[in-house]
Amino acid sequence: MDSYHITGGNTLEGEYRLKGAKNAVLPILAATIISGRTSRIKNCPQLSDIRTMVSILQEMGCKVSWDGSEIVVDSSPVNSFCIPQNLMKKIRSSVFLMGATLARCGQVILSDPGGCAIGKRPIDIHLTALRLLGVDIKKKDGLLECSATRLKGAVIPLSFPSVGATENVMMAAVMAEGETRILNPAKEPEIIDLQNYLVSCGAHITGAGSDEIRIVGKLPLHETEYKPIPDRIEGGTVLSAVAATRGKVLLREAVPDHMDSVLRYLTESGCIVQRDERSVYLEAPDVLQSVSPIETKPYPGFPTDMQSQFMALMCLARGTTRITESIFENRFKHVAELNKMGANITVEGRTAIIKGVDRLHGQRVAAADLRGGAALVIAGLAAEGETIVENIHHIDRGYERLEDCLKGLGAQIERI
Ligand code: UD1
């Protein structure tokens, strides 16, 4: 299995262009099934999760071509409503195919979705919401069999603003009779992006990003060309890596508003952060400062997907930082690995207490999940000596050849 060999200590400097957001592209690719037409999706990063989604679409009958950063899906030949189990287990985002396939075929058979082992990740909110749209759901031999003779618009209050459940309901409701209102939906930028993609196909959806999303179903859909938003988590990861090495960077193709909470904490840590409409400039101080307590929250709160990378940064800040993970219950696997590198982190329940140290030292460590893996890379870049990060297939799920991106900023990092 591949690993990263990192020689720490280089200051990262330069320009970095963000790619399309994994968490926007994946639900949009699932949604391409709905229209039965051609969708041309631009700005797609080359990630293993996206390759898996493309394979699932192909197994369901879609014609897919992938040229550079453009993926073209012709979903007219779809001939299956069964999501292949082996692929479903590989990626969490396969769960989006539930709403999309119900919209297209009126039925879907699927198993539990895979993804990072960061917590229980139940899908009860998805199922409760889909039942309100008239979907009958049976569990049989470890599979979920969902069918709806008629999807019917409904008022759907979500007990928690789940990103996945909001996206599933939006997709199913596009083919439901009448109006659907999602109350307490997730407000992540990726939700707005899914709305914009579906609207570009001819759907009538309003309100994404607010407290209520309204969908008028059963409108005829047509072919489309769509460019998903840039990856705010890739952006936050690069800024954290640059800050950890006391560097400076101009992040291009960014939407700074999407990164607001992370940028505010970076500013608090002593970095100079300047935002333009489409770019962010960051210059790190010689000595980073600890920041006020962080708690991961649904958007616009601090993203759970940035918790581990920011923790790696705070390992090297003067003072103590407390980070509480309130979205996923098992997302501190990087802590033990960071401590091996000389960090001083203790965990009390869902809170990590990070006492800043002067330096980290190179170590052999292993990634246990995607963002935790990125945190170890950040620590390795800032550490003295050589760090080996094993199990980087986790990192490949969410970053397109991270080593090349970081080398472009002056990092010494090799994939072995
Ligand atoms: C989550 C993140 C999203 C991130 C994605 C990928 C939040 C709110 N969501 O989305 O920003 O991009 O991971 O890492 O930060 N839950 C249930 N039942 C359900 C669905 C969810 O109890 O049916 C719980 C989950 O266990 C979790 C929380 O709700 O504690 C957030 O879940 P959700 O937003 O659905 O997760 P993802 O869609 O995976």
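Just follow the structure's listing: the first ligand is 1, and inside any ligand the first atom is 1. Please read all numbers here as calculations on a predicted model, not as lab measurements.
Looking at Glu325 and Gln307, their side chains do bring a donor and an acceptor atom within 3.5 Å of each other. Between the side chains of Gln309 and Thr237, a donor-acceptor pair is found at a separation under 3.5 Å. If you check the side chains of Asp305 and Asn23, you find a donor sitting under 3.5 Å from an acceptor.
If you look at Asp124 next to ligand 1, the close heavy atoms, those under 4.0 Å, come from the backbone and the side chain alike. Only the side chain of Asn23 comes within contact range of ligand 1, with a heavy atom under 4.0 Å; no backbone atom does. If you look at Glu188 next to ligand 1, the close heavy atoms, those under 4.0 Å, all belong to the side chain. Of the heavy atoms in Val163, both backbone and side-chain atoms come closer than 4.0 Å to ligand 1.
Residue contacts with ligand 1 do not include Ala186, since none of its heavy atoms lies under 4.0 Å from the ligand.
Among the atoms of Pro122, some N or O lies under 3.5 angstrom from an N or O of ligand 1. For ligand 1, none of its N or O atoms has an N or O atom of Ala165 under 3.5 Å away. Residue Lys297 places no N or O, backbone or side chain, under 3.5 Å from any N or O of ligand 1.
Evaluation of the salt bridge (charged side-chain N to carboxylate O under 4.0 Å, His left out) test over residues 95-106, restricted to residues two or more places apart or in two chains, returns none. Sequence neighbours left out, the pairs with a member in residues 144-173 that pass salt bridge (charged side-chain N to carboxylate O under 4.0 Å, His left out) are Arg150-Glu177.
Residues Glu400 and Lys19 are not paired through a salt bridge, judged by the lack of any N-O separation under 4.0 Å between the basic side chain and the carboxylate. Ion pairing between Glu190 and Arg232 holds under the 4.0 Å rule for side-chain N and carboxylate O.
Nearest-heavy-atom check against atom 38 (O) of ligand 1 across Gly164, Ala129, Ser159 picks out Gly164.
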task = Evaluate the salt bridge (charged side-chain N to carboxylate O under 4.0 Å, His left out) criterion for residues Asp396 and Arg401: first the C-alpha distance (whole Å), next the side-chain angles of each, then the deciding distance (0.1 Å), finally the verdict.
result = CA-CA 7 Å; Asp396 291 335; Arg401 294 199 69 86; over 6 Å; no

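Atoms of ligand 1 lying under 4.0 Å from at least one heavy atom of Phe160, given by number and element, are 28 (C), 29 (O), 31 (C). For ligand 1, the atoms sitting less than 4.0 Å from at least one non-hydrogen atom of Phe328 are 1 (C), 13 (O), 27 (C), 36 (O), numbered in the order shown with element in parentheses. Heavy-atom contacts of Thr304 reach the following atoms of ligand 1: 15 (O) (cutoff under 4.0 Å). Taking every non-hydrogen atom of Ile123 and a distance limit under 4.0 Å, the qualifying atoms of ligand 1 come out as 19 (C), 23 (O).
Judged by distance alone, with hydrogens and angles left aside, the side-chain atoms of Glu188 form no donor-acceptor pair with the main-chain N or O of Pro298 at under 3.5 Å.
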